[in-house]
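Values below: every heavy atom of this structure, side chains too, minus hydrogens, waters and symmetry copies. For clarity, every value in this text was computed on a predicted model and none was experimentally measured.
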Amino acid sequence: MDQKKLEQAARLIIEAVGEDPEREGLVETPRRFAEMVAEQLAYAAVPNEEIARTFEKTFSSPESDMVVVKDISLFSHCEHHIALMYNMKAAVGYIPRGRVIGLSKIARIADAVSKRLQIQERIGADIRDVMERITGAGDVIVLLEGEHSCMTARGIRKPGTLTRTISASGRFRTDGDLRKEFLSLAK
């Protein structure tokens, strides 16, 4: 990430809104802004394949029952306005095929995928894709729910409006009962 360009961008924003970038409270803002963006968009240029390699440690398991991790807190930034997607929760389910992933890795995958300029639908699809790559499971489902500041703080201004998306593969896409079971566990 180009820290200097991020600092320049922040300075330009400060100047564009009519503020003085040399004012006491704003002198360090460009640096702080650059550090924040570097942290919040840390995976902007990292493809799913690389995220999968980072978290690919799995363990053999004879079990093939559904695994669900829910209430994974996330936030991201929409690619249309660079606006915050917040109060986001993810639920991830999969049916192991002889290999399971550590539960904390599921939350780490969701966190990594969200640290990009995104749309909510792609966050779910990318989490599903990375999970499939790591576990070899063809049955993965991701439920996301969140608020988008591009709807709550600007534009239509409807605070509390939630967007829910599902990305599913394999039997979660074709078996209605299995999908309902996941959704009941994800509540």
Inset, instruction - Kindly give the cluster partners of I13, where membership spreads through any ILVMFWY side chain lying under 4.5 Å from a current member. - result: none
Inset, instruction - Tell me who clusters with I119, hydrophobic residues only, linked when side chains sit under 4.5 Å apart either directly or through other members. - result: none
Inset, instruction - Taking only Lys NZ, Arg NE, NH1 and NH2, and the carboxylate oxygens of Asp or Glu, determine whether D175 and R179 approach each other closer than 4.0 Å. - result: no
Legend entry - Flag side-chain contact, heavy atom, 4.5 Å: V92 against I109: no
Legend entry - Residue pairs passing the salt bridge (charged side-chain N to carboxylate O under 4.0 Å, His left out) test where at least one lies in residues 147-165, sequence neighbours excluded: E145-R164
Inset, instruction - Could you tell me whether the side chains of Q118 and S76 share a donor-acceptor contact shorter than 3.5 Å? - result: no
Legend entry - Which residues share a side-chain hydrogen bond (donor to acceptor under 3.5 Å, both in side chains) with E79, sequence neighbours left out: R122
Legend entry - Residues R31 and E35 bridged, charged N to O under 4.0 Å: yes
Legend entry - Residue pair Q3 / A38: nearest heavy atoms and the distance that separates them: OE1-CB, 3.4 Å
Legend entry - Set of residues satisfying side chain to side chain contact (heavy atoms under 4.5 Å, CB included) with respect to P30, sequence neighbours excluded: E7, A10, R11, I14
Inset, instruction - Would you check if R128 and S169 make a side-chain contact, meaning some heavy-atom pair closer than 4.5 Å? - result: yes
Inset, instruction - Taking side chain to side chain contact (heavy atoms under 4.5 Å, CB included) as the test, write out the residues that go with L185, two or more places apart. - result: M66, V68, E181
Legend entry - salt bridge (charged side-chain N to carboxylate O under 4.0 Å, His left out) contacts in which one or both residues fall within residues 84-94, not counting sequence neighbours: none
Legend entry - Side-chain heavy-atom pair M85, I123 within 4.5 angstrom cut-off: yes
Inset, instruction - Starting from L117, walk the hydrophobic network (Ile, Leu, Val, Met, Phe, Trp, Tyr; side-chain heavy atoms closer than 4.5 Å) and list everyone else you reach, by chain and number. - result: M1, L6, F33, M36, V37, L41, I82
Inset, instruction - Using side-chain contact (heavy atoms from CB on, under 4.5 Å) as the criterion, point out the one residue from T165, I166, L144 that pairs with E121. - result: T165
Legend entry - Pairs involving residues 103-112, ordered by first then second residue, that meet side-chain hydrogen bond (donor to acceptor under 3.5 Å, both in side chains) (sequence neighbours left out): D111-K115
Inset, instruction - Tell me, please, which residues at least two apart from A112 pass side chain to side chain contact (heavy atoms under 4.5 Å, CB included). - result: Y43, I51, F55
Legend entry - Other cluster members, F75 - Ile/Leu/Val/Met/Phe/Trp/Tyr, side-chain contacts below 4.5 Å: L84, Y86
Legend entry - For R23, side chain to side chain contact (heavy atoms under 4.5 Å, CB included) partners two or more places apart: E19, D20, L26
Inset, instruction - Measure the shortest side-chain to side-chain distance between L162 and N87 over non-hydrogen atoms and say whether it is less than 4.5 angstrom. - result: no
